[in-house]
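Here is how names work: the chains are called A, B, and so on, in the same order as the sequence lines, proteins then strands, and each is numbered from 1.
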2 protein chains.
Amino acid sequence: MTKPGTLTEVELEIMHVVWGLGTATVKQVHDVLSARRPVAYTTVMTMLGLLAKKGHLKREESGKAFVYRPAHTKGRVVSKMLDDFVSRVFHGSARPLVLALLKDRKISKRDLEEIARLAEVDE
Amino acid sequence: MTKPGTLTEVELEIMHVVWGLGTATVKQVHDVLSARRPVAYTTVMTMLGLLAKKGHLKREESGKAFVYRPAHTKGRVVSKMLDDFVSRVFHGSARPLVLALLKDRKISKRDLEEIARLAEVDE
DNA sequence: CATGTAGTACTAATTTATTAGTATGACGAA
DNA sequence: TTCGTCATACTAATAAATTAGTACTACATG
(Lines give C-alpha, C1' and ligand atoms only; values in the text may rest on other atoms or scores of the structure.)
Protein backbone atom coordinates (compact mmCIF):
# COMPACT_ATOMS: atom_id res chain seq x y z
CA MET A 1 0.00 0.00 0.00
CA THR A 2 1.01 3.56 -0.62
CA LYS A 3 1.14 6.25 2.01
CA PRO A 4 -2.39 7.39 2.67
CA GLY A 5 -3.73 10.13 0.47
CA THR A 6 -1.49 9.71 -2.51
CA LEU A 7 -2.45 7.53 -5.42
CA THR A 8 -0.19 5.59 -7.69
CA GLU A 9 -0.45 5.98 -11.43
CA VAL A 10 -2.90 3.16 -12.09
CA GLU A 11 -4.92 3.92 -9.00
CA LEU A 12 -5.33 7.48 -10.17
CA GLU A 13 -6.28 6.38 -13.66
CA ILE A 14 -9.04 4.27 -12.21
CA MET A 15 -10.20 6.96 -9.83
CA HIS A 16 -10.55 9.32 -12.75
CA VAL A 17 -12.82 6.83 -14.45
CA VAL A 18 -14.96 6.42 -11.35
CA TRP A 19 -15.14 10.17 -10.77
CA GLY A 20 -16.21 10.49 -14.36
CA LEU A 21 -18.95 7.93 -14.02
CA GLY A 22 -20.04 9.03 -10.59
CA THR A 23 -20.64 5.49 -9.59
CA ALA A 24 -19.30 2.38 -11.23
CA THR A 25 -19.21 -1.38 -11.39
CA VAL A 26 -16.17 -3.41 -12.33
CA LYS A 27 -17.63 -3.97 -15.74
CA GLN A 28 -18.12 -0.29 -16.40
CA VAL A 29 -14.59 0.59 -15.41
CA HIS A 30 -13.24 -2.30 -17.40
CA ASP A 31 -15.12 -1.17 -20.46
CA VAL A 32 -13.67 2.32 -20.28
CA LEU A 33 -10.17 1.15 -19.54
CA SER A 34 -9.97 -1.63 -22.05
CA ALA A 35 -10.93 0.81 -24.77
CA ARG A 36 -7.60 2.48 -24.05
CA ARG A 37 -5.29 -0.42 -23.42
CA PRO A 38 -5.53 -4.15 -22.88
CA VAL A 39 -6.34 -4.99 -19.30
CA ALA A 40 -7.93 -8.03 -17.72
CA TYR A 41 -11.29 -7.82 -16.04
CA THR A 42 -9.85 -9.31 -12.88
CA THR A 43 -7.12 -6.70 -12.83
CA VAL A 44 -9.72 -3.98 -12.65
CA MET A 45 -11.51 -5.91 -9.97
CA THR A 46 -8.36 -6.17 -7.92
CA MET A 47 -7.69 -2.46 -8.25
CA LEU A 48 -11.21 -1.46 -7.27
CA GLY A 49 -11.02 -3.76 -4.29
CA LEU A 50 -7.68 -2.26 -3.33
CA LEU A 51 -8.94 1.28 -3.66
CA ALA A 52 -11.90 0.38 -1.49
CA LYS A 53 -9.60 -1.15 1.11
CA LYS A 54 -7.50 1.99 1.11
CA GLY A 55 -10.56 4.10 1.64
CA HIS A 56 -10.62 5.82 -1.72
CA LEU A 57 -13.80 4.10 -2.80
CA LYS A 58 -16.91 3.04 -0.97
CA ARG A 59 -18.51 -0.15 -2.13
CA GLU A 60 -22.13 -1.00 -1.86
CA GLU A 61 -23.87 -4.18 -2.79
CA SER A 62 -26.49 -3.52 -5.40
CA GLY A 63 -28.17 -6.52 -6.91
CA LYS A 64 -25.56 -8.92 -8.17
CA ALA A 65 -22.53 -6.71 -8.48
CA PHE A 66 -20.81 -4.24 -6.23
CA VAL A 67 -21.15 -0.60 -6.99
CA TYR A 68 -18.20 1.61 -6.20
CA ARG A 69 -18.35 5.30 -5.55
CA PRO A 70 -15.60 7.76 -4.68
CA ALA A 71 -15.12 8.31 -0.98
CA HIS A 72 -13.77 11.79 -1.59
CA THR A 73 -14.22 14.40 -4.26
CA LYS A 74 -11.76 14.65 -7.07
CA GLY A 75 -10.90 18.14 -5.93
CA ARG A 76 -9.91 17.00 -2.53
CA VAL A 77 -7.73 14.13 -3.71
CA VAL A 78 -6.13 16.16 -6.46
CA SER A 79 -5.34 18.92 -3.98
CA LYS A 80 -3.61 16.45 -1.75
CA MET A 81 -1.57 15.10 -4.62
CA LEU A 82 -0.66 18.57 -5.72
CA ASP A 83 0.45 19.43 -2.25
CA ASP A 84 2.56 16.34 -2.19
CA PHE A 85 4.08 17.12 -5.55
CA VAL A 86 4.89 20.69 -4.63
CA SER A 87 6.75 19.58 -1.56
CA ARG A 88 8.62 16.77 -3.26
CA VAL A 89 9.60 18.57 -6.41
CA PHE A 90 9.52 22.24 -5.45
CA HIS A 91 10.38 22.00 -1.77
CA GLY A 92 6.97 23.37 -0.96
CA SER A 93 6.91 26.61 -2.89
CA ALA A 94 4.26 26.97 -5.51
CA ARG A 95 5.70 30.10 -7.11
CA PRO A 96 8.52 28.39 -9.00
CA LEU A 97 6.00 25.85 -10.15
CA VAL A 98 3.81 28.49 -11.72
CA LEU A 99 6.88 30.15 -13.18
CA ALA A 100 7.84 26.86 -14.77
CA LEU A 101 4.36 26.48 -16.23
CA LEU A 102 4.64 29.91 -17.72
CA LYS A 103 8.10 29.32 -19.06
CA ASP A 104 7.06 26.08 -20.69
CA ARG A 105 3.99 27.76 -22.19
CA LYS A 106 1.69 25.46 -20.30
CA ILE A 107 -0.14 28.55 -19.17
CA SER A 108 -0.33 32.08 -20.52
CA LYS A 109 -0.05 35.51 -19.02
CA ARG A 110 -3.72 35.99 -19.76
CA ASP A 111 -4.67 32.82 -17.94
CA LEU A 112 -2.82 34.00 -14.89
CA GLU A 113 -4.44 37.41 -14.97
CA GLU A 114 -7.82 35.82 -15.32
CA ILE A 115 -7.21 33.46 -12.45
CA ALA A 116 -5.94 36.31 -10.30
CA ARG A 117 -9.15 38.16 -11.04
CA LEU A 118 -11.15 35.24 -9.70
CA ALA A 119 -9.38 35.61 -6.41
CA GLU A 120 -10.91 39.05 -5.81
CA VAL A 121 -13.96 37.68 -4.11
CA ASP A 122 -12.46 36.21 -1.01
CA GLU A 123 -9.62 38.61 -0.30
CA MET B 1 13.77 1.21 -14.21
CA THR B 2 11.26 3.97 -14.54
CA LYS B 3 10.14 5.47 -17.79
CA PRO B 4 12.84 7.85 -19.00
CA GLY B 5 12.67 11.39 -17.76
CA THR B 6 10.65 10.90 -14.65
CA LEU B 7 12.29 10.30 -11.33
CA THR B 8 10.99 8.25 -8.48
CA GLU B 9 10.80 9.70 -5.02
CA VAL B 10 14.21 8.59 -3.77
CA GLU B 11 15.87 9.30 -7.09
CA LEU B 12 14.57 12.83 -6.96
CA GLU B 13 15.67 13.27 -3.38
CA ILE B 14 19.19 12.31 -4.38
CA MET B 15 19.17 14.47 -7.48
CA HIS B 16 18.23 17.44 -5.34
CA VAL B 17 21.26 16.78 -3.19
CA VAL B 18 23.56 16.55 -6.19
CA TRP B 19 22.09 19.66 -7.78
CA GLY B 20 22.68 21.39 -4.50
CA LEU B 21 26.29 20.34 -4.31
CA GLY B 22 26.98 20.82 -7.99
CA THR B 23 29.17 17.80 -8.03
CA ALA B 24 29.27 15.00 -5.50
CA THR B 25 30.84 11.79 -4.33
CA VAL B 26 28.97 8.96 -2.69
CA LYS B 27 30.32 10.07 0.65
CA GLN B 28 29.06 13.61 0.26
CA VAL B 29 25.58 12.52 -0.69
CA HIS B 30 25.53 9.99 2.08
CA ASP B 31 26.52 12.63 4.60
CA VAL B 32 23.68 14.92 3.57
CA LEU B 33 21.11 12.17 3.41
CA SER B 34 22.01 10.39 6.60
CA ALA B 35 21.63 13.64 8.47
CA ARG B 36 17.95 13.38 7.58
CA ARG B 37 17.21 9.71 7.92
CA PRO B 38 19.10 6.48 8.40
CA VAL B 39 20.44 5.16 5.14
CA ALA B 40 23.32 2.84 4.33
CA TYR B 41 26.35 4.05 2.45
CA THR B 42 25.91 1.28 -0.09
CA THR B 43 22.31 2.28 -0.68
CA VAL B 44 23.44 5.70 -1.74
CA MET B 45 26.06 4.13 -3.93
CA THR B 46 23.49 1.94 -5.61
CA MET B 47 21.23 4.89 -6.25
CA LEU B 48 23.98 7.05 -7.70
CA GLY B 49 25.03 4.19 -9.93
CA LEU B 50 21.44 3.71 -11.03
CA LEU B 51 20.96 7.38 -11.77
CA ALA B 52 24.15 7.33 -13.80
CA LYS B 53 22.95 4.30 -15.72
CA LYS B 54 19.67 6.03 -16.44
CA GLY B 55 21.50 9.06 -17.72
CA HIS B 56 20.57 11.47 -14.97
CA LEU B 57 24.11 11.71 -13.68
CA LYS B 58 27.48 11.68 -15.37
CA ARG B 59 30.25 9.99 -13.49
CA GLU B 60 33.88 10.81 -13.77
CA GLU B 61 36.77 9.10 -12.12
CA SER B 62 38.66 11.55 -10.01
CA GLY B 63 41.41 10.17 -7.87
CA LYS B 64 40.11 7.28 -5.83
CA ALA B 65 36.39 7.91 -5.89
CA PHE B 66 33.88 8.65 -8.60
CA VAL B 67 32.51 12.11 -8.90
CA TYR B 68 28.94 12.47 -10.05
CA ARG B 69 27.45 15.51 -11.67
CA PRO B 70 23.97 16.15 -13.01
CA ALA B 71 23.53 15.39 -16.67
CA HIS B 72 20.72 17.92 -16.94
CA THR B 73 19.78 21.08 -15.13
CA LYS B 74 17.30 20.95 -12.34
CA GLY B 75 15.05 23.23 -14.33
CA ARG B 76 14.89 20.87 -17.21
CA VAL B 77 14.16 17.79 -15.14
CA VAL B 78 11.64 19.53 -12.96
CA SER B 79 9.85 20.83 -16.06
CA LYS B 80 9.59 17.34 -17.39
CA MET B 81 8.19 16.06 -14.13
CA LEU B 82 5.73 18.89 -13.97
CA ASP B 83 4.59 18.15 -17.48
CA ASP B 84 4.11 14.56 -16.52
CA PHE B 85 2.19 15.48 -13.41
CA VAL B 86 -0.08 17.87 -15.25
CA SER B 87 -1.03 15.22 -17.74
CA ARG B 88 -1.53 12.48 -15.21
CA VAL B 89 -3.44 14.44 -12.62
CA PHE B 90 -4.97 17.31 -14.58
CA HIS B 91 -5.37 15.70 -17.97
CA GLY B 92 -2.91 18.16 -19.38
CA SER B 93 -4.45 21.47 -18.43
CA ALA B 94 -2.44 23.70 -16.20
CA ARG B 95 -5.25 26.12 -15.44
CA PRO B 96 -7.12 23.94 -12.97
CA LEU B 97 -3.80 23.26 -11.34
CA VAL B 98 -3.17 26.93 -10.72
CA LEU B 99 -6.75 27.34 -9.56
CA ALA B 100 -6.21 24.57 -7.06
CA LEU B 101 -3.05 26.24 -5.80
CA LEU B 102 -4.97 29.44 -5.31
CA LYS B 103 -7.87 27.74 -3.62
CA ASP B 104 -5.57 25.93 -1.24
CA ARG B 105 -3.72 29.15 -0.49
CA LYS B 106 -0.49 27.76 -1.80
CA ILE B 107 -0.20 30.86 -3.88
CA SER B 108 -1.74 34.32 -3.60
CA LYS B 109 -3.45 36.66 -5.99
CA ARG B 110 -0.46 38.96 -5.66
CA ASP B 111 1.95 36.18 -6.59
CA LEU B 112 -0.02 35.47 -9.71
CA GLU B 113 -0.13 39.12 -10.71
CA GLU B 114 3.56 39.41 -10.16
CA ILE B 115 4.31 36.32 -12.20
CA ALA B 116 2.04 37.56 -14.98
CA ARG B 117 3.98 40.78 -15.01
CA LEU B 118 7.18 38.86 -15.62
CA ALA B 119 5.66 37.45 -18.75
CA GLU B 120 5.48 40.89 -20.40
CA VAL B 121 8.94 40.63 -21.85
CA ASP B 122 8.46 37.84 -24.29
CA GLU B 123 4.91 38.38 -25.45
C1' DC C 1 52.63 -4.26 9.59
C1' DA C 2 47.95 -4.26 11.42
C1' DT C 3 43.87 -1.69 11.51
C1' DG C 4 40.44 1.54 10.30
C1' DT C 5 38.46 4.41 6.66
C1' DA C 6 36.86 5.08 2.19
C1' DG C 7 36.08 3.30 -1.83
C1' DT C 8 34.30 -0.12 -5.53
C1' DA C 9 31.67 -4.16 -7.83
C1' DC C 10 28.45 -7.45 -7.55
C1' DT C 11 24.57 -9.53 -5.54
C1' DA C 12 20.44 -10.00 -3.08
C1' DA C 13 16.60 -9.20 0.15
C1' DT C 14 12.49 -6.69 0.79
C1' DT C 15 8.67 -4.04 -0.20
C1' DT C 16 5.32 -1.99 -3.14
C1' DA C 17 2.76 -1.94 -7.34
C1' DT C 18 0.70 -4.07 -11.17
C1' DT C 19 -1.39 -7.63 -13.59
C1' DA C 20 -3.87 -11.62 -13.98
C1' DG C 21 -5.16 -16.71 -13.09
C1' DT C 22 -8.31 -20.26 -10.95
C1' DA C 23 -12.32 -21.79 -8.84
C1' DT C 24 -16.85 -20.92 -8.20
C1' DG C 25 -21.74 -19.26 -8.35
C1' DA C 26 -26.01 -16.96 -10.25
C1' DC C 27 -28.83 -16.37 -14.07
C1' DG C 28 -30.90 -15.75 -18.58
C1' DA C 29 -31.44 -17.71 -23.16
C1' DA C 30 -31.23 -21.43 -26.63
C1' DT D 1 -30.57 -28.20 -18.88
C1' DT D 2 -26.51 -26.65 -20.74
C1' DC D 3 -23.91 -22.79 -22.24
C1' DG D 4 -22.21 -18.12 -22.10
C1' DT D 5 -21.86 -13.87 -19.49
C1' DC D 6 -21.05 -11.43 -15.47
C1' DA D 7 -19.91 -11.59 -11.10
C1' DT D 8 -17.13 -12.78 -6.84
C1' DA D 9 -13.10 -14.43 -3.59
C1' DC D 10 -8.78 -15.92 -3.22
C1' DT D 11 -4.28 -16.52 -4.84
C1' DA D 12 -0.19 -15.77 -7.39
C1' DA D 13 3.09 -14.18 -10.89
C1' DT D 14 5.76 -10.34 -12.40
C1' DA D 15 7.77 -5.97 -12.33
C1' DA D 16 9.56 -1.91 -10.30
C1' DA D 17 11.63 0.51 -6.48
C1' DT D 18 14.20 0.61 -2.36
C1' DT D 19 17.53 -0.87 0.73
C1' DA D 20 21.48 -3.11 2.00
C1' DG D 21 24.97 -7.05 2.44
C1' DT D 22 29.47 -9.29 1.10
C1' DA D 23 33.87 -9.37 -0.71
C1' DC D 24 37.49 -7.01 -2.00
C1' DT D 25 41.25 -3.06 -2.86
C1' DA D 26 43.93 1.06 -1.64
C1' DC D 27 45.91 3.82 1.58
C1' DA D 28 47.18 6.50 5.61
C1' DT D 29 48.74 6.12 10.29
C1' DG D 30 49.78 4.37 14.97
Side-chain angles (χ1 to χ4, degrees), chain A residues 1-18 21 23-69 81 84 88-89, chain B residues 1-18 21 23-69 81 84 88-89:
Chain A
M1 281 222 220
T2 334
K3 86 188 65 147
T6 304
L7 296 164
T8 64
E9 179 146 356
V10 179
E11 285 171 352
L12 181 64
E13 185 187 18
I14 288 182
M15 284 305 294
H16 273 306
V17 174
V18 181
L21 295 170
T23 213
T25 61
V26 174
K27 174 156 175 39
Q28 286 178 291
V29 176
H30 180 248
D31 286 348
V32 174
L33 237 56
S34 62
R36 298 183 198 160
R37 60 183 175 91
V39 60
Y41 182 91
T42 49
T43 300
V44 176
M45 214 178 65
T46 304
M47 290 306 298
L48 288 176
L50 178 67
L51 284 165
K53 201 169 81 182
K54 284 194 183 181
H56 294 293
L57 293 174
K58 283 180 285 189
R59 69 144 113 169
E60 306 150 25
E61 212 136 357
S62 154
K64 175 160 72 158
F66 286 126
V67 168
Y68 294 85
R69 79 177 66 241
M81 292 197 68
D84 206 76
R88 276 195 311 110
V89 183
Chain B
M1 281 220 218
T2 334
K3 87 190 66 152
T6 304
L7 296 164
T8 63
E9 178 147 357
V10 178
E11 285 171 351
L12 181 66
E13 185 187 17
I14 288 183
M15 284 305 294
H16 272 306
V17 174
V18 181
L21 296 170
T23 213
T25 61
V26 174
K27 176 159 173 36
Q28 286 177 292
V29 176
H30 180 248
D31 286 348
V32 173
L33 237 57
S34 63
R36 298 183 199 160
R37 61 185 174 91
V39 60
Y41 183 90
T42 49
T43 300
V44 175
M45 215 179 64
T46 304
M47 290 307 297
L48 287 176
L50 178 67
L51 284 165
K53 201 169 82 182
K54 284 195 186 180
H56 294 292
L57 293 174
K58 282 181 286 193
R59 66 144 116 174
E60 304 151 26
E61 213 136 355
S62 154
K64 176 159 70 157
F66 287 125
V67 168
Y68 294 86
R69 80 176 65 240
M81 292 196 69
D84 207 76
R88 277 195 310 110
V89 182

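Taking CE from B:M47 and CD from B:E13, the interatomic distance works out to 9.0 Å, rounded to the nearest 0.5 Å. Summarising the geometry, atom OG1 belonging to B:T8 is positioned 8.5 Å from atom CZ belonging to A:R88; distances are rounded to the nearest 0.5 Å. In this structure, B:D84 CG and B:M81 CE are separated by 7.0 Å, a value rounded to the nearest 0.5 Å. Distance CG/B:D31 to OG1/B:T25: 7.5 Å, rounded to 0.5 Å.
Judged by distance alone, with hydrogens and angles left aside, B:T8 brings no side-chain donor or acceptor close enough to the base of D:dA16 to form a pair under 3.5 Å. Under 3.5 Å, the side chain of B:T25 and the base of C:dA6 form no donor-acceptor pair of N or O atoms.
The CE-P distance, from A:M45 to C:dG21, rounds to 12 Å in whole Å. A:E61 places its CD atom 14 Å from the C1' atom of C:dG25, with the value rounded to the nearest Å. A straight line from CD of A:E11 to P of D:dA16 spans 17 Å, rounded to a whole angstrom. Rounded to whole Å, the distance from CE on A:M47 to P on C:dT19 is 7 Å. Note: CG (A:L50) to C1' (C:dT16) measures 11 Å, nearest angstrom. Rounded to whole Å, the distance from NZ on A:K64 to P on D:dC6 is 8 Å. Rounded to whole angstrom, the span from the CG atom of A:D31 across to the C1' atom of D:dA7 amounts to 14 Å. Across the protein-nucleic acid pair, A:Y68 atom OH and D:dC6 atom P stand 17 Å apart, rounded to whole Å.
Closest to the side chain of B:A65, out of D:dA20, C:dT19, C:dT8, is C:dT8. Minimum atom distance to the side chain of B:V10 is reached by D:dT19, of the listed D:dT19, C:dT18, D:dT8.
An OP1 or OP2 oxygen of C:dA9 is reached within less than 4.0 angstrom by a side-chain nitrogen or oxygen of B:R59. OP1 and OP2 of D:dT5 both lie 4.0 Å or more from every side-chain N or O belonging to A:Y41. OP1 or OP2 of D:dT19 has at least one side-chain nitrogen or oxygen of B:R37 nearer than 4.0 Å. Between D:dT22 and B:T42, no contact under 4.0 Å exists linking OP1 or OP2 to a side-chain N or O. Within the 4.0 Å cut-off from OP1 or OP2 of C:dT19, not a single side-chain nitrogen or oxygen of A:T43 is found.
Counting any heavy atom pair closer than 4.0 Å across all strands shown, B:F66 reaches sugar-phosphate atoms only and no base atom.
Considering A:E60, A:H56, A:R59, A:Q28 in turn, A:R59 is the only one that fulfils the side-chain contact (heavy atoms from CB on, under 4.5 Å) rule with A:Y68.
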